[in-house]
Protein chains: 2
Amino acid sequence: MPNDNTVKSLARAVSVLECFSQKEPELGVTEIADRLKMQKSTVYNILTTFQSLGYLIKNPSNNKYQLGYKLLHLGYIVSSNMSIRQQFIPHMKQIANACGEVCYLGLLDRMEVLYVEAVYPNSQIQMRNILGERAPLHCTGLGKAMLAHMKPEEIREVLSGPLPGFTKCTITDPAVLSNELEEIRNNGYAVDNMEHEFGIRCVAVPFFSMDGSVMGAVSVSGPSPRFDPASVIRNAALITEHLQGLQHCF
Amino acid sequence: MPNDNTVKSLARAVSVLECFSQKEPELGVTEIADRLKMQKSTVYNILTTFQSLGYLIKNPSNNKYQLGYKLLHLGYIVSSNMSIRQQFIPHMKQIANACGEVCYLGLLDRMEVLYVEAVYPNSQIQMRNILGERAPLHCTGLGKAMLAHMKPEEIREVLSGPLPGFTKCTITDPAVLSNELEEIRNNGYAVDNMEHEFGIRCVAVPFFSMDGSVMGAVSVSGPSPRFDPASVIRNAALITEHLQGLQHCF
DNA sequence: AAAAAATGTTCAGTAATACTGAACAGAGTT
DNA sequence: AACTCTGTTCAGTATTACTGAACATTTTTT
């Protein structure tokens, strides 16, 4: 290793930002320092800097920090350059209305599912903003649909990594998951049988970019009793049909 | 000034990220280095670091960079902790339907308008994601409604700064704008008379947090012919009425 | 096709600064 | 009032981020 020109202080600072999550939106100096095994004063300086730049907000009542609105703007720039979203939405509406379930669009990003859009049936206005949500590959319909078509070494990497269980249905055995991926490749669609959220089943179909690599997936998702074997097949066919009209775009 | 413990390399790195915009989503090393008057290799190292962290994506065909999907996730965390959005949406729907125009919600953030939501009339599904968009204070309805109620020294700061013209109607004279702010305070609402986008008029009403400081504003906006004096007053009253039902929340 | 210009990339050296670690301050609890 | 837990400050040094020139690669011009 001759030269590592990566800016390490920047990587550290970013790791501070990444401590914040939906579940822990507010964190203090010591909390972050302990978690990252960094010096308190180092974390303090980073937090202060981010705050002065608008990327963190300090709550004066308890001296804790949360992510700042400047991040919304950067996210906005990303989203306004995502043409794929606009292309998919009309199809997702049709899919959602045809089967009466919520339709999701996800992209493969850094070995995770990146949620891009959720469309609800009956032209109900979508209240929930899902763009930017993330989920693991091994226990979601979208994730498994994509994982099945990733490069063998990438699949191996995921299978060898930890496979955290979310429900009692989550597949945590690499061998079992590997078999399921084979089945997904044969079927052309993936089924999430309450593996991420208990009581929710999901059918997902992947789509590919021009170079043949998997790019993302579209799913429909709802209460498990509505997803009997027949409707699973029906929904998979429905999504596949719509994706065929889109394949030329990427 | 005894000690400035702000992390300067971090501020520099962030300034690199902030070069990217909706209009210039893709930038190269030299382009950024020139703009920020930084060394090429310094910028290169920063870009490489951000890329490895997923905050920038490198286009291999032209070696240019664009903002990465990781930023969507940070933005998502911010947005999912913004309860204000969910509180306002039902009222915005009613406002939009009652007057037949688009209804906007904006917050005051760092001397700019931060757009939070846009609701279209006739329960048309909103296609455009506006959360995170920004605009100046001096030439938008939302901005002027808020500016009028900011602290005198903050107002002076904005008035003394540059007031860039967007259309031929933009108020670029600080004295004229100052008078208009007085009028806005008297009326209780602000009117944007094609000052930001030509042909678009807008009526905006501010709202305040418990400590009495201005927090944001709600507006309706549409083609100028539909905004005659009578409907301006009617729309202002409509928004004001809905805001009264919300004031206790903040 | 060759030359020139512009862009991205690498790397050794040093100038800058980010981090350490201990002390202080302040809030909250016992 | 003592204690514990936070956040904050700061001088010193060890780290490392940046400089600047050279190289590589692509694009444009001649």
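In the text below, chain A, chain B and the rest are named by the order of the sequence lines, each starting its count at 1.
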*Is A:Glu157 atom CD crowded by more than 12 heavy atoms from other residues, nucleotides or ligands, each under 6.0 Å away?*
no
*What is the distance from atom CE of A:Met92 to atom CZ of A:Arg85, rounded to the nearest 0.5 Å?*
9.5 Å
_the helix from C:dA1-D:dT30 to C:dT30-D:dA1: angle between end helix axes, five pairs per end, rounded to 10 degrees_ = 40°
*Just wondering, are more than 12 heavy atoms of other shown residues or ligands nearer than 6.0 Å to CD in A:Gln66?*
yes
_5′-ward residue of the pair A:Ser61/A:Lys8 relative to DNA chain C_ = A:Lys8
*Please indicate whether B:Glu197 has more than 12 foreign heavy atoms, meaning atoms of other residues, nucleotides or ligands, lying under 6.0 Å from its CD.*
no
*Summarise how protein sits on nucleotides 2-8 of chain D as a single string, 5' to 3': B when a protein heavy atom is under 4.0 Å from the base, S for sugar-phosphate-only contact, - for no contact.*
----SBB
_Whole-Å gap separating C1' (D:dT19) and CE (B:Met38)_ = 12 Å
_In this structure, how many angstroms lie between the P atom of C:dT7 and the CZ atom of B:Arg35, rounded?_
13 Å
*Which pair of heavy atoms, one from A:Tyr65 and one from A:Gln51, lies closest together, and at what distance?*
CE2-OE1, 4.2 Å
_Touch class at under 4.0 angstrom, heavy-atom based, for B:Thr6 against every strand present_ = sugar-phosphate
*Nearest-Å distance for atom pair CG/P, residues B:Leu47 and C:dT7*: 15 Å
*Report the distance from atom CD1 of B:Ile32 to atom CG of B:Leu27, rounding to the nearest 0.5 Å.*
5.0 Å
_Distance, rounded to the nearest Å, where A:Phe50 contributes CZ and C:dA18 contributes C1'_ = 14 Å
*Taking CG from B:Asn45 and P from D:dT19, how many angstroms apart are they, rounded to a whole number?*
10 Å
*asked:* Checking contacts here: which listed nucleotide (C:dC11, D:dT19, C:dC19) is nearest the side-chain heavy atoms of A:Asn5?
replied: C:dC11
*Taking NZ, NE, NH1 and NH2 as the nitrogens, is one of them in A:Arg156 or A:Glu153 under 4.0 Å from a carboxylate oxygen of the other?*
no
*Does B:Thr42 place a side-chain N or O at less than 4.0 Å from the phosphate oxygens OP1/OP2 of D:dT19?*
yes
*Calculate, to the nearest 0.5 Å, the distance between atoms CG and CG belonging to A:Leu72 and B:Leu131 respectively.*
4.5 Å
*Using atom NZ of B:Lys37 as one end and atom C1' of D:dG20 as the other, report the distance to the nearest whole Å.*
19 Å
*Find the distance B:Leu56:CG to C:dG8:C1' and express it as a whole number of Å.*
15 Å
*What is the distance, rounded to the nearest whole Å, between atom CD of A:Gln39 and atom C1' of D:dG12?*
14 Å
*When rounded to the nearest 0.5 angstrom, what is the spacing between CD in A:Glu112 and CG in A:Leu108?*
10.0 Å
